[in-house]
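Residue numbers start from 1 in every chain, and the chains themselves are labelled A, B, ... in the order their sequence lines are given, proteins ahead of strands.
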Protein chains: 2
Amino acid sequence: MAYASEYPPFYVTVDIVVLTILDGALHALAIRRGGEPFQGVRALPGGFVGIEEDLRDAARRELEEETGFRVHDDALEQVGAYGAPDRDPRYRVVSVAWLAAVPEASAVRGGTDAAHASWEPVDALLAEELAFDHADILRRAVDRARELVLNPVEGRRPLAASLLADEEVSLSQLRAVHEAVLGRTLDPGNFQRKVKSTQQIVEPTGRRESSASGRGRPAELFRLTPPRVSA
Amino acid sequence: MAYASEYPPFYVTVDIVVLTILDGALHALAIRRGGEPFQGVRALPGGFVGIEEDLRDAARRELEEETGFRVHDDALEQVGAYGAPDRDPRYRVVSVAWLAAVPEASAVRGGTDAAHASWEPVDALLAEELAFDHADILRRAVDRARELVLNPVEGRRPLAASLLADEEVSLSQLRAVHEAVLGRTLDPGNFQRKVKSTQQIVEPTGRRESSASGRGRPAELFRLTPPRVSA
DNA sequence: CCAAAAGTGTTGGATGTACACCCATGG
DNA sequence: CCATGGGTGTACATCCAACACTTTTGG
């Protein structure tokens, strides 16, 4: 690398917006910073990209280190690159932000980095100060998540599916997830038709919920349609 | 920077998909690589980000150097970050891709870098081999441009407006631009109503085209609505 | 029987597309 | 008068939101 010195070196990191549903509300994984800058302030989990590592793989690795959760390669959605010169006062860093969704059940299995990682309601996070430009990243990631829930990308696992713990769900469960992401209620009847009409999301199993689950009429159970291979 | 050596250094570049309309077809700016790797192969214009430079500013600077064209800050749309470890065989580089649109008139005023920059039809570029992962970038940028033409982002200058040379245009001119970007014809009547119904795109001037311009009935002239400041 | 949740039917409005039709100009 | 493009009217399909209504369970 003789010409190396001619151009400035950067640090490249990934920041990850990990979404999940908790108590019916959208939560994101956040850490509390231990050192300067932004000591004590919440931030998104993330870390440095390895010199031989793909950006997406770096996000996947960090996600696993922070949460213990392995996601499929295509379950990570790139949100964008953030590289304002002063975004980190210590050194020049460009961060590539990613969006991931994990099922509700996922307890935070703190790895090395993340003994202090916790699920926080997205609304609360957006209301408080976040480190660096993480508020921008979070806002944008949530917007993207809402888009993805409203119209899932053909041939990929829908975001709502990634947020569900079970492979077989009732449409109420699926609707609850949509409502949590969108932050508003949806009409149950219309939701049914819409989901059932496009086969892309769920397929019927013919079975019904065990009647122990609630007050009313037991719901039909549906299987999350696996992302179909495109032609 | 005592801890600097602990993490790997990257090079960070910007690549820019500069779109324009030529002969009624969508064109993008391309250079032909002079050296290895990919010698003689076409590539997107781009360059290194300065150590104190914002990513968007870097894209703007490169765009000006290549085309002599100054665009507004918000006329650059980020397409994404590309950082596969082997995307450049020489060194590890992460590139942030941007989308820009300039008016038809824009002759390529070759600057230092870009004596060999030229407008090429997008279809042709997508059909041939491009350097690095520039084919991916171009594909994605064009998709994004189509989205932006179909529904412009509130409060920002519509992409079609950036592609027009004049401030006052007929709806046919505007329609021709939309057709070039989308790669298909649009119904003239429906286009009129749609554009006129949302005031976001154009506003009437009350004047008409000078009748010297063509065969048929002279068109009304419209002014491109400047991006309105949001509340 | 009553409350509650699942699921179906129906309706009205908004939107998009196809296409017929009139208008204004140059030749 | 005719060809050409500008512009309007209209009809139809589709989609979506609202909401009435039936079905099936637990208490």
Side-chain angles (χ1 to χ4, degrees), chain A residues 24 146-152 154 158 160 164 166 168-224, chain B residues 24 146-152 154 158 160 164 166 168-224:
Chain A
R146 295 200 166 124
E147 277 180 44
L148 284 175
V149 156
L150 285 179
N151 34 14
E154 186 80 15
L164 286 164
D166 309 313
E168 295 193 351
V169 295
S170 70
L171 294 190
S172 305
Q173 290 175 279
L174 183 60
R175 176 165 51 85
V177 166
H178 281 240
E179 289 176 341
V181 173
L182 296 176
R184 61 186 168 94
T185 60
L186 297 173
D187 182 280
N190 294 333
F191 184 80
Q192 291 238 0
R193 259 185 306 260
K194 184 172 174 178
V195 167
K196 280 195 246 183
S197 64
T198 79
Q199 262 76 42
Q200 308 300 339
I201 320 252
V202 291
E203 47 196 28
T205 64
R207 288 180 296 113
R208 328 185 118 251
E209 233 173 13
S210 69
S211 50
S213 48
R215 293 261 169 291
R217 169 178 173 177
E220 282 184 56
L221 282 178
F222 292 81
R223 188 178 315 106
L224 299 172
Chain B
R146 295 200 167 123
E147 276 179 44
L148 284 175
V149 156
L150 285 179
N151 34 15
E154 185 81 14
L164 286 164
D166 309 312
E168 296 192 352
V169 295
S170 70
L171 294 190
S172 304
Q173 290 176 277
L174 183 59
R175 177 165 51 85
V177 167
H178 280 240
E179 290 177 340
V181 173
L182 295 177
R184 62 185 167 95
T185 61
L186 298 173
D187 183 281
N190 296 331
F191 184 78
Q192 291 238 0
R193 260 184 305 258
K194 183 171 177 179
V195 168
K196 280 195 248 184
S197 64
T198 80
Q199 263 76 40
Q200 308 300 340
I201 320 252
V202 291
E203 47 196 28
T205 65
R207 289 180 296 113
R208 330 186 116 251
E209 234 172 12
S210 69
S211 49
S213 49
R215 293 262 169 289
R217 169 176 171 179
E220 281 184 57
L221 282 178
F222 292 81
R223 188 178 317 107
L224 299 172

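- As a whole-Å value, the separation of Glu220(B) CD from dC23(C) P is 16 Å.
- Scanning both residues, Gly24(B) and Ala180(B), for their nearest heavy atoms gives O-CB, 3.4 Å.
- The nearest whole Å value for the distance from the CD atom in Gln173(A) to the P atom in dA5(C) is 14 Å.
- Counting heavy atoms from C-beta on, the side chains of Phe191(B) and Leu174(B) come closer than 4.5 Å.
- In this structure, Arg208(B) reaches neither bases nor backbone, as no heavy-atom distance under 4.0 Å exists between it and the strands shown.
- Taking both residues in full, the closest heavy atoms of Gln173(B) and Leu164(B) are given as O-CD2, 4.3 Å, listed atom of the first, atom of the second, then distance.
- Note on Lys196(A): every side-chain N or O is 4.0 Å or more away from OP1 and OP2 of dG7(C).
- Nucleotide dC19(C) holds its C1' atom 16 Å from the CG atom of Leu186(B), rounded to whole Å.
- Of the candidate nucleotides dC19(D), dG7(C), dT25(C), dG7(C) has the atom nearest to the side chain of Gln192(A).
- Here the side chain of Ser172(B) is nearest to one of dG6(D), dC19(D), dA24(C), namely dG6(D).
- The separation between Lys194(A) atom NZ and dG7(C) atom C1' is 18 Å, rounded to whole Å.
- At whole-Å resolution of the value, CZ in Phe222(B) and C1' in dG6(D) are 10 Å apart.
- Look at Glu168(B) and Arg207(B) and you find a salt bridge, because one of the NZ, NE, NH1 or NH2 atoms lies within 4.0 Å of a carboxylate O, short of that distance.
- Asp187(B) places its CG atom 15 Å from the P atom of dC21(C), with the value rounded to the nearest Å.
- In the interface, the side chain of Arg215(A) is not paired with the base of dT25(D) through any donor and acceptor atom under 3.5 Å apart.
- dG7(D) atom P lies 9 Å from atom CG of Leu221(B), rounded to whole Å.
- Contact annotation: the side chain of Lys196(B) approaches that of Leu171(B) to within less than 4.5 Å [non-hydrogen atoms, C-beta and beyond].
- Residue-to-nucleotide proximity on DNA chain C shows that, of Asn190(A) and Arg217(A), the 5′-proximal contact is made by Arg217(A).
- Side-chain N/O atoms of Arg193(B) and base N/O atoms of dG9(D) include a donor-acceptor pair closer than 3.5 Å.
- Nucleotide dC15(D) holds its P atom 17 Å from the CZ atom of Phe191(A), rounded to whole Å.
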